[in-house]
Amino acid sequence: MPELPELEVIRRQIEPLMVGRTVSRVGTTAESNFFLTKPAVLKRHLSGRRVRALERVGKYLVASLDDGSRLLLHLGMTGQLFGAGVDSPRLSSPVARARSAVRTEKQKFKPDLHTHLRLSFRDGGQELFLRDVRRFGRVQVLKPGESCARLDRLGVDALVATGAHLFAMARKRRIAIKSLLLDQSVVAGIGNIYADEALFLAGIRPSRTACRLTGRQCIELMEAARRVMLRSIETGGSSIRDYLQPNGSDGGYQNERLVYARAGRPCVRCESPIVRTVIGQRPAHYCPKCQPAK
DNA sequence: CGTTACACCTGAGGGC
DNA sequence: TGCCCTCAGGTGTAAC
């Protein structure tokens, strides 16, 4: 679900709830693949720990703790982080949200069976909830100095990566350019929405073979990706299915998206119907005119 | 080694 | 109403 912009919005909102605070209680659901560190170990390890910093690395959130260990969070497809103080976070589909929107009275977040992690803090800090319906997300504790293949494997952060870097990586690869953008070891943070949006802005068809792009195109593509993601962060991210900000409100970027999940609707530039295909087992959307095959 | 297929999960929405 | 099917902001791994 969440990509770099959503993770960055989440990080900014969650940071003041975590940093400088000491964990008093840890609640979890039962052992599952969601917990790379078993719930019992997690509880023992986190209790009493003070959070020093909360950083984003690609699509991961990394909390540094006062004993030098780190708490790793990944939200997979449907992960959500909420602060306890939020009013009425609407947790289901847009349709269900619309239905429940008529309910006007405010409610505090209520943990349900999908709320897999619950952190309480001392000194009256707000509680923190991690909810993930599909459990594609992951939680892990790294001991002081412990390395982690998942993190080590990540490429340059997508907000920092240059077109020259993308070009250098693209030259060696025969996969579709869209698949290359989604490869977290090349550039970290881009997901399915922003890959499609960036390719549209750069006028490049997602199916084009990566190594056949010019240096100029790689520069334009990387710049488009950065522009789109920075704008999305400004608007609070894309709320299309499950994503909500930690404060419970929708993001705004879903209203600015130009191709993602707009199949059949007119291109904003040329009116041609947007096409949906599948590339690398993921849905891909593009304008057949503005993003030429060759 | 690069590329591709599939597995991991659940709930919403559409067709019959 | 209910069943069955398809679909989804991700990623690790097995198999070619």
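Protein chains get the first letters and strands the later ones, always in sequence-line order, with residue 1 at the start of each. None of these values were measured; they are calculated from a predicted model. Just so it is clear, the values below take in all heavy atoms, side chains as well, and ignore hydrogens, waters and symmetry mates.
- Put simply, CG on Asp242(A) is 11 Å from P on dG13(B), counting in whole angstrom units.
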May I have the step-by-step check of side-chain hydrogen bond (donor to acceptor under 3.5 Å, both in side chains) for Tyr243(A) and Thr78(A), ending in yes or no?
CA-CA 7 Å; Tyr243(A) 170 74; Thr78(A) 54; over 6 Å; no

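- Nearest to the side-chain atoms of Val133(A) among the listed nucleotides dG11(B), dG9(C), dC8(B) stands dG11(B).
- You won't find any donor-acceptor pair under 3.5 Å spanning the side chain of Arg135(A) and the base of dC9(B), going by distance alone.
- Nucleotide dG12(C) carries an anti base; the chi torsion (O4'-C1'-N9-C4 or O4'-C1'-N1-C2) is more than 90° from 0.
- Phe82(A) and Phe129(A) have their aromatic ring centers separated by at least 6.0 angstrom.
- What separates CZ of Arg276(A) from C1' of dG9(C) is a distance of 14 Å, to the nearest Å.
- Ring-plane geometry between His285(A) and Tyr260(A) is classed as perpendicular, the angle between the planes exceeding 60 degrees on a 0 to 90 degree scale with a lower cut at 30.
- Here His114(A) does not reach the OP1 or OP2 of dC9(B): none of its side-chain N or O atoms lies under 4.0 Å away.
- Rounded to whole angstrom, the span from the CZ atom of Arg134(A) across to the P atom of dA12(B) amounts to 13 Å.
- For the pair Asn192(A) and dA8(C), the criterion of a side-chain N or O lying under 4.0 Å from OP1 or OP2 is not met.
- Cluster annotation: Ile177(A) and Leu201(A) are assigned to the same hydrophobic cluster (Ile/Leu/Val/Met/Phe/Trp/Tyr, side-chain heavy-atom contacts under 4.5 Å, transitive).
- Atom-to-atom, CG of Leu7(A) to C1' of dG9(C) comes out at 10 Å; the value is rounded to the nearest Å.
- Within the shown strands, dG2(B) is the pairing partner of dC16(C) under the Watson-Crick or G-U definition, both distances less than 3.5 Å.
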Go through it in stages, so that I can follow the logic: the residues are Thr37(A) and Gln140(A), the test is side-chain hydrogen bond (donor to acceptor under 3.5 Å, both in side chains), and I'd like the CA-CA distance, side-chain angles, deciding distance and then a yes or no.
CA-CA 5 Å; Thr37(A) 301; Gln140(A) 184 175 19; 5.0 Å; no

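- Residues Asp112(A) and Arg131(A) are paired through a salt bridge, judged by an N-O separation under 4.0 Å between the basic side chain and the carboxylate.
- Heavy-atom neighbours of Asp152(A) CG from other residues, nucleotides or ligands within 6.0 Å: above the threshold of 12.
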Heavy atoms under 4.0 Å is the rule here; annotate nucleotides 11-16 of chain C 5' to 3' with B where the base is hit, S where only the sugar-phosphate is, and - elsewhere.
BS----

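- In this structure, dC9(B) makes no Watson-Crick or G-U wobble pair, since no nucleotide meets both defining distances under 3.5 angstrom.
- For dC9(B) and dA14(C), the P atoms lie 16 Å apart once the distance is rounded to whole Å.
- Using the six-membered ring where Trp is involved, Tyr60(A) and His74(A) have ring planes that are perpendicular, over 60° apart on the 30 and 60° scheme.
- A salt bridge does not link Arg227(A) to Glu223(A): none of the charged side-chain nitrogens sits closer than 4.0 Å to a carboxylate oxygen.
- Whole-Å rounding puts the Asn33(A) CG to dT10(B) P distance at 11 Å.
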Identify the pairs formed between an N or O of the protein and an N or O of nucleotides 3-6 of chain B at a distance under 3.5 Å, and give each distance.
residue : atom : partner   : partner atom : Å
dT3(B)  : OP1  : Arg174(A) : N            : 2.5
dT3(B)  : OP1  : Ile175(A) : N            : 3.4
dT3(B)  : OP2  : Arg173(A) : NE           : 2.4
dT3(B)  : OP2  : Arg173(A) : NH2          : 3.0
dA5(B)  : OP2  : Gln281(A) : OE1          : 2.7
dA5(B)  : N7   : Gln281(A) : NE2          : 3.2

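- Distance check on atom P: dC6(B) versus dT6(C) gives 14 Å, rounded to whole Å.
- Looking at Arg173(A) and Asp183(A), a side-chain N of the basic residue comes within less than 4.0 Å of a carboxylate O on the acidic one, giving a salt bridge.
- No N or O donor and acceptor, one from the side chain of Arg241(A) and one from the base of dA12(B), sit under 3.5 Å apart.
- Contact annotation: Tyr194(A) side-chain N/O to dG9(C) OP1/OP2 distance is not under 4.0 Å.
- The CZ atom of Arg138(A) sits 11 Å away from the C1' atom of dA7(B) (whole-angstrom rounding).
- The CD1 atom of Ile279(A) sits 13 Å away from the P atom of dA8(C) (whole-angstrom rounding).
- For the pair Glu31(A) CD and dC9(B) P, the interatomic distance rounds to 13 Å; values are reported in whole Å.
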